[in-house]
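To start, the structure under review is shown below, and the notes come after it.
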Amino acid sequence: ASFAGKLRCPFAKVWVEHGPQRAAEMLGFNSGTPGHARRLENALVYGTCTYKSPFAGSEVCMELHGVSWTDATASERCAKASGLVAGSLVKGGRCQTSAETAGWCSTAAGSEMIHTLLSATASTCDAAASACVTWSQGVFVAGGKCAKTHDQTQQHPSMPPSSAGYTWTAGGGGIPFCTIAPGPMGAAHQLAQSPGYAFNCNNTPARQSPWMWPLRWSAHVEAKSLGYKTDEVQYESKGRVWYMLDKNWKRLDTWYEKGVHRAIGQAPCEPENNDTSLKTARGCKRSGMRNTTMLHRGSKMVFIDWADNGTISNCRWLDLGPIGNIRPDWFMDDRGASTAVQYLGDSHVYHMGEPRLVKQWRKKDFANQYFTMSMQANVGEDGTHWPLILNVPGEGFGDDFLQHYHGHQRLEDSHSDAFLLDEQFVASGGTCPQQARSRGTDGPPTGQSEHVPSNLEVEVASWRNIVWTGSPVWTGALGGKGPESTAPAGKVEVADGVHANTCWDSTAGVMRFTMYFDLPTPVWTSIGFRGTEECLMTPRGGGNGEVIFAKPGSGGVYSMFFGPLPPTLKQFNAHSATRQFEQSLTLLSDTEGFEGSSVSYSNGQLVMGFARNYSAKPGGLHLTFAIGIDAKVSYHSKRECFMVSSISECPVFSCSACSSCQEDTTPHLQQKSMVSFSTWAALNTASVLVVLLAGAFRQSA
């Protein structure tokens with residue numbers, strides 16, 4: 001089985017178990033067919049597992065191939081069809097093909113075959129193949145409509161021979177190891193549905209770096225929190241943290257607490273202990289010797305209270321959606337959306353009262369605040385650069401805190417049971433129910449309370465983006481760009497792969513915008529308008545935001561809409577809210593307050609152009625862009641805020657300012673207006689200030 005996992009053939013497991021001749025019969029190979037066509041209709045199939053994709057929201061059918069499947073293993077696999085999403089198992093079943101069948105996505109060495117359809121998000125055979133190898137890290141086997149156009153299988157370019165690096169596996173419903181969470185969460189976290197992380201992850205800046213956190217370790221941890229502009233300790237705790245990051249697991253034991261804990265993502269607080277002394281932060285009075293345990297496996301976070309006799313007195317859990325555990329290289333690179341990193345180099349610090357040489361990095365978060373990670377520079381007999389000190393900002397929701405790790409030790413397979421306390425408790429007759437959410441949104445409650453300032457706010461004068469990981473094999477670009485970086489001529493870079501052009505048309509009284517998005521495949525995008533500089537999805541204190549929303553339809557043809565952006569969308573499974581959001585949208589061309597508009601997608605680039613009326617030239621505009629995972633409205637893969645300032649005048653030959661254009665028909669006027677704006681974009685642009693944000697749940701870090 002271990003040898004099969006290293007083969008690059010999509011049916012490796014079946015070949016190794018049964019030999020080439022029998023495997024060819026089982027898999028339906030027809031050696032007389034040109035192009036080595038595979039006839040999966042004749043394959044030996046245990047049955048099907050049908051489940052709902054947590055990302056696209058669509059139904060997925062997976063066939064379980066080969067004779068190695070048993071009732072027990074098939075049931076276990078389907079119970080976690082995609083991460084913790086359970087599927088429906090049908091023994092003897094087959095996936096129903098249709099006229100839109102594109103083929104199959106082979107994962108787990110050919111023992112799992114996912115039925116693949118042509119759709120709005122993958123309307124061509126190339127797109128279907130790309131989706132398989134990119135998102136599932138699988139091997140695409142053409143069939144149906146694609147049988148004649150794809151004679152060979154395709155596989156992900158990051159799947160090297162075993163000697164070249166870590167070999168991807170297809171655990172978690174085809175989601176590979178080393179997959180990070182979408183959007184700003186990916187700056188620090190694994191995807192919850194990923195089976196874990198690795199020391200040798202391909203295409204990562206910190207690959208094989210000795211400075212990343214160990215995958216399996218445990219240490220005593222002591223933390224003290226500090227309020228804004230004070231050195232007085234507000235809260236302190238002592239405990240022990242455990243990590244098996246190769247399994248996407250964490251455990252945190254706490255046995256001592258004193259003070260008022262003000263933070264996002266903390267354990268549940270009894271009503272009588274709620275602290276309201278600061279209206280701007282949620283606080284909980286936690287004092288004394290009180291034993292608690294937090295477990296985080298995949299998307300599941302469990303809270304356990306211990307009785308004095310050492311038994312579990314209370315157990316409950318939360319679903320964190322796509323937020324998995326911390327990734328061991330989180331502090332060294334700038335992957336994920338809305339984040340940045342600053343390598344600082346070596347420094348002497350006091351650790352547990354003793355001087356230590358450490359290597360340090362700063363990591364910027366979604367609140368424009370920063371973490372500082374101090375790693376042990378001089379290794380001991382175990383040869384490990386251990387995490388020593390972590391300085392964590394309040395992220396706009398509470399106090400900063402300083403955390404020291406000591407008494408480090410490595411963990412082995414024998415420690416796995418320590419992460420499964422809730423399952424053992426339930427198996428022995430206990431109960432551990434899911435806890436209802438106390439608010440209507442998921443993730444940090446940005447905008448729902450007043451921003452809490454931090455002592456660790458980013459200072460422009462002191463920040464430079466510097467990426468250095470110490471990787472012995474990474475060959476990609478390193479270094480970083482300071483705030484004076486220049487953008488390509490004619491465009492201002494808002495983020496990697498996202499550019500903007502703006503100008504003020506004083507004659508027409510409109511702001512003209514053109515946004516450029518580099519998109520390998522058609523996915524939804526949006527431009528949000530914010531009333532303040534705060535990088536919030538919706539206004540602080542409640543109410544809707546407003547957004548221009550571009551969505552691809554059949555064949556990848558885009559349409560642009562405008563409408564309210566409600567706070568109810570800030571959920572990981574907001575199906576009802578999503579439907580209401582889409583129903584509230586109006587075509588941009590029919591929306592009052594907007595003039596000419598245009599949208600096109602070609603050669604991997606989406607161009608959105610529009611003009612919005614203003615009573616006077618704005619002094620500056622606070623905007624947000626977001627990019628979806630696919631065409632269906634769901635959680636974004638990337639989201640960042642930016643500001644348009646120093647707005648320039650559009651040239652006098654801008655189309656809407658000339659009388660001849662004004663006499664044309666409306667469609668012609670819109671088309672010419674946007675063409676003139678594109679011409680202007682090549683001559684001049686506004687100054688765009690990028691405001692980055694990246695974040696993570698404090699408790700899950």
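Residues: numbered from 1 along the sequence shown.
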field: Residues in side chain to side chain donor-acceptor pair (under 3.5 Å) contact with Ser374, at least two apart in sequence or another chain
entry: Gln360
task: Output yes when a side-chain donor or acceptor of Ser194 lies under 3.5 Å from a complementary backbone atom of Pro176, and no otherwise.
output: yes
- prompt: Partners of Leu420 by side chain to side chain contact (heavy atoms under 4.5 Å, CB included), sequence neighbours excluded?
  reply: Trp249, Arg297, Asp417, Glu423, Gln424
message: Going by the rule side chain to side chain donor-acceptor pair (under 3.5 Å), which residues pair with Thr384 if we only count those two or more places apart in sequence or in a different chain?
response: Arg410
query: Of Trp386, Trp242, Trp213, Tyr243, which is the lone residue that meets ring-ring contact (aromatic ring centres under 6.0 Å, His included) with His408?
result: Trp386
query: At their closest point, which heavy atom of Ser209 faces which heavy atom of Met332, and how far apart are they?
result: OG-CE, 3.9 Å
query: By side chain to side chain contact (heavy atoms under 4.5 Å, CB included), which residues pair with Asp246, not counting sequence neighbours?
result: Leu215, Arg216, Met244
query: Of all residues at least two apart in sequence or in a different chain, which pass the side chain to side chain donor-acceptor pair (under 3.5 Å) check with Thr624?
result: Arg530
statement: Met62 and Tyr51 have their tightest heavy-atom pair at CB-CE2, 4.4 Å
query: Do you know which two heavy atoms are closest between Ala81 and Gly87, and how far apart they sit?
result: CB-N, 4.0 Å
task: Please answer whether the main-chain N or O of Asn465 pairs with a side-chain N or O of Gln342 as donor and acceptor at a distance below 3.5 Å.
output: no
message: Test of understanding: with salt bridge (Lys or Arg N to Asp or Glu O under 4.0 Å), list the residues that count as partners of Glu100, not counting sequence neighbours.
response: Lys145
task: For Cys78, check side chain to side chain contact (heavy atoms under 4.5 Å, CB included) against everything at least two apart and list the hits.
output: Cys49, Leu89
Sub-4.5 Å side-chain heavy-atom contact between Thr525 and Tyr601: no
Interatomic spacing from CG in Leu388 to CG in Leu390 - rounded to 0.5 Å: 11.0 Å
message: Working note: Val341 + Lys364, criterion side-chain contact (heavy atoms from CB on, under 4.5 Å); need CA distance, chi angles, decisive distance, verdict.
response: CA-CA 6 Å; Val341 67; Lys364 194 185 298 186; over 6 Å; no
- prompt: Any side-chain heavy-atom pair from Ile180 and Leu191 closer than 4.5 angstrom?
  reply: no
query: What distance do Arg362 atom CZ and Ser462 atom OG have between them, rounded to the nearest 0.5 Å?
result: 5.0 Å
query: What residue pairs, at least two apart or across chains, pass salt bridge (Lys or Arg N to Asp or Glu O under 4.0 Å) with a residue in residues 335-344?
result: Asp329-Arg335, Asp333-Arg335
- prompt: To the nearest 0.5 Å, what is the distance between SG (Cys201) and CZ (Arg327)?
  reply: 9.5 Å
- prompt: Does the Gln376 side chain pair with the main chain of Asn378, one donor and one acceptor, at a distance under 3.5 Å?
  reply: yes
- request: Mind telling me whether Phe331 and Trp361 have parallel, tilted or perpendicular rings, with 30° and 60° as the class edges?
  value: perpendicular
message: Treating Asn391 as the side-chain partner and Tyr370 as the backbone partner, does any N or O pair qualify as donor plus acceptor under 3.5 Å?
response: no
- request: Measure the shortest side-chain to side-chain distance between Val392 and Gln403 over non-hydrogen atoms and say whether it is less than 4.5 angstrom.
  value: no
field: Check: Thr469 side chain, Pro205 main-chain N or O, donor-acceptor pair, under 3.5 Å
entry: yes
message: Restricting to non-hydrogen atoms, name the atom on Trp474 and the atom on Asn203 that form the minimum distance, rounded to 0.1 Å.
response: CZ3-C, 3.5 Å
message: Are the side chains of Lys52 and Glu59 in contact, using a 4.5 Å heavy-atom criterion?
response: no
message: What's the separation between atom CE in Met301 and atom CD1 in Ile323, rounded to the nearest 0.5 Å?
response: 8.5 Å
field: Minimum heavy-atom distance between Lys363 and Ala340, given as atom pair plus value
entry: CD-O, 3.4 Å
- prompt: Okay, side chain of Ser106, backbone of Met113: is any donor-acceptor separation there less than 3.5 Å?
  reply: no
Test side chain to side chain contact (heavy atoms under 4.5 Å, CB included) applied to Ser526 - qualifying residues, sequence neighbours left out: Trp524, Val547, Phe549, Ala626
- request: Answer yes or no: is there a donor N or O on one side and an acceptor on the other, between the side chain of Asn200 and the main chain of Gln208, under 3.5 Å?
  value: no
Shortest non-hydrogen separation from Val523 to Tyr558 and the atoms involved: O-OH, 2.6 Å
message: Which label fits Phe371 and Trp330: parallel for a plane angle under 30°, tilted from 30 to 60°, or perpendicular past 60°?
response: perpendicular
- prompt: Any chance the side chains of Asn501 and Tyr516 put a donor and an acceptor closer than 3.5 Å?
  reply: yes
statement: side chain to side chain donor-acceptor pair (under 3.5 Å) filter on Tyr343, not counting sequence neighbours, yields Lys359
